[in-house]
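Let me begin by presenting the structure, written as structure tokens, before commenting on it.
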There are 2 protein chains.
Amino acid sequence: MSDDLEVHGRTTYRHGDLRGALLAAGVEMAREGGPAAVVLREATRRAGVSPNAAYRHFADRDALLQAVSDACLGLVADRIETELDAHPATGDTVADARMQLRAVGLGYIAFAREEPGLFRTAFSVPDNLQSAAEPRKAGIRGRTPFQLVGSALDALVAAGVLPPERRQNAEFLAWAAVHGLGMLVIDGPLRGLDDHMIAFATDRLLDMVDRGL
Amino acid sequence: MSDDLEVHGRTTYRHGDLRGALLAAGVEMAREGGPAAVVLREATRRAGVSPNAAYRHFADRDALLQAVSDACLGLVADRIETELDAHPATGDTVADARMQLRAVGLGYIAFAREEPGLFRTAFSVPDNLQSAAEPRKAGIRGRTPFQLVGSALDALVAAGVLPPERRQNAEFLAWAAVHGLGMLVIDGPLRGLDDHMIAFATDRLLDMVDRGL
DNA sequence: TCGCCCATGTGTACACTGTCCACAACAGCA
DNA sequence: TGCTGTTGTGGACAGTGTACACATGGGCGA
């Protein structure tokens, strides 16, 4: 019996961090097959535990999916932060603010292309305004994608590019545009276009946002 | 035995239009619970037929979902056509062209709000450029949503509002923006906002497209 | 008109899923 | 040391997709 446990790298009756293990397994399955591939029993199998053990940590399969989805949103945030780092400030306040919003969009689309399964999973669960800024949806630096868009818009206002009266709710517009492109790129009509065309479309979309906000 | 058949409105061994019945049942289930609610066995139950009968008309559950999704896209097109009818031409070519694109967006968002389940289902299945204009995704007037956006953009070019060099691939930008807003409204951060706020956000988004295209 | 064929629907069966219930083990505290 | 509440197990059940063999009878050729 204790042999069985050790097979799965477990020497004690207790797992230690089953919740974490299930979450990690869920993310891995989501990566491979999107939200539908997040299967509770399979997660317990990968964690080396009986199916019902999951119910000590998640109310039901939906709760697991919700947690996986939140983790995916955090990964989106991380990818955006990476893109922000790749475009460091130059000192030109106006150009920097513009680039900041652009970087958010680029990171968003890049994540959609690099991890379509995680991207789909991130947005497969109903959300709302209240929870859009909850810490469990945040990346490693503690900011959610929604907050990252907001910061970029604040910078645009501070730089005098975006008139303050247009700031309110502007994240919805920017987000909608970029999010829509992301969806179209991974399993909408734009699926299968080559990198060059995607990059071109992204560029034009960001121009549109920049000009039209 | 023949009694059983008659219970489901069937007097013959053959159903007559099982494919159509399964499709209709699928759409109904999608309306109530989105793509996940499209259950093959339940569809056959509603059609008064044994589960395996479905396999004479659809290769598997995914093929049924694909067909349901196509039908939903047709309904999106119908809703857009309705909105177009609600904004008849005035003779002012420029204003009419602008309004045409606006109507497409309004119809799109309206459908998302009125039929969230069908909307989600319409875009739950991978798509691509080739199939975006296939007749089975068309509405009652034979045009797909993708084609309706295209027509509106053509009108903008004809009216001299949109420079021809910006016409290419412009449907991607317009579509992405509106599609993104649709997603955010039904189960993104904008979910639960009241009608007034949604209308306001839609208006501003369409302004952005109009200005930024 | 008869008889056959094959498209269409049925029955049975299997693997897999989510989830409920009663039970077992054991970590940590009294 | 012994109790207790938390965590994991085992068995069971309904529901799903789908494969295989079989039944039915509508409509065609003879």
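Protein chains get the first letters and strands the later ones, always in sequence-line order, with residue 1 at the start of each. Reckoned from all heavy atoms, side chains included, excluding hydrogens, waters and symmetry mates.
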Query raised in the report: Quick one: does A:R41 reach the base of C:dT19 with a side-chain donor-acceptor pair under 3.5 Å?
Result: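 Pair found.
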Query - Base C:dG18 to side chain A:D62, donor-acceptor N/O within 3.5 Å cut-off - result: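 Looking at the base of C:dG18, it does not pair with any donor or acceptor on the side chain of A:D62 (distance under 3.5 Å).
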Report task. Take A:S50 and A:R14, find for each the nucleotide of DNA chain D with the closest heavy atom, and name the residue whose nucleotide sits nearer the 5' end. Result ->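 Final value for this comparison: A:R14.
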**Report entry** Position toward the 5' end of DNA chain D (nearest nucleotide), B:R56 or B:D60
**Finding:**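 Here B:D60 is the residue nearer the 5' end.
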Query raised in the report: So, is B:H57 close to the C:dG9 phosphate, meaning a side-chain N or O under 4.0 Å from OP1 or OP2?
Result: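 Checking C:dG9 against B:H57, a side-chain N or O does come within under 4.0 Å of OP1 or OP2.
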**Report entry** Comparing A:E42 and A:N52 on DNA chain C - which has the more 5′ nearest nucleotide
**Finding:**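 Result: A:E42.
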Report task. Starting at CG of B:D154, measure out to CD of B:Q147 and round the result to the nearest 0.5 Å. Result ->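 One finds 11.0 Å between CG of B:D154 and CD of B:Q147.
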Query raised in the report: Taking all non-hydrogen atoms of both residues, which atom of A:R166 and which atom of B:R204 are closest, and how far apart?
Result: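 That closest heavy-atom pairing would be O-NH2, 3.1 Å.
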Report task. Can you see which heavy atom on A:P189 is nearest to which on A:L184, and at what distance? Result ->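 Between these two residues, the closest heavy atoms are CD-CD2, 3.6 Å.
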Query raised in the report: If you count the non-hydrogen atoms of other residues, nucleotides and ligands that lie under 6.0 Å from CD in A:Q168, is the total more than 12?
Result: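 Counting other residues, nucleotides and ligands, CD of A:Q168 stays at 12 neighbours or fewer.
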Report task. Quick one: label B:R61 by what it contacts on the DNA or RNA (base, sugar-phosphate, nothing), any heavy atom closer than 4.0 Å. Result ->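 If one applies the 4.0 Å heavy-atom cut-off, B:R61 turns out to touch the sugar-phosphate alone, with no base involved.
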Requested in this report: Calculate the interatomic distance between B:L18 atom CG and C:dA7 atom C1'; express it in whole Å.
Outcome: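 Atom-to-atom, B:L18 to C:dA7, this comes out as 12 Å.
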Query raised in the report: Just how far, in rounded Å, is C1' of C:dT12 from OH of B:Y55?
Result: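 Between C1' of C:dT12 and OH of B:Y55: 15 Å.
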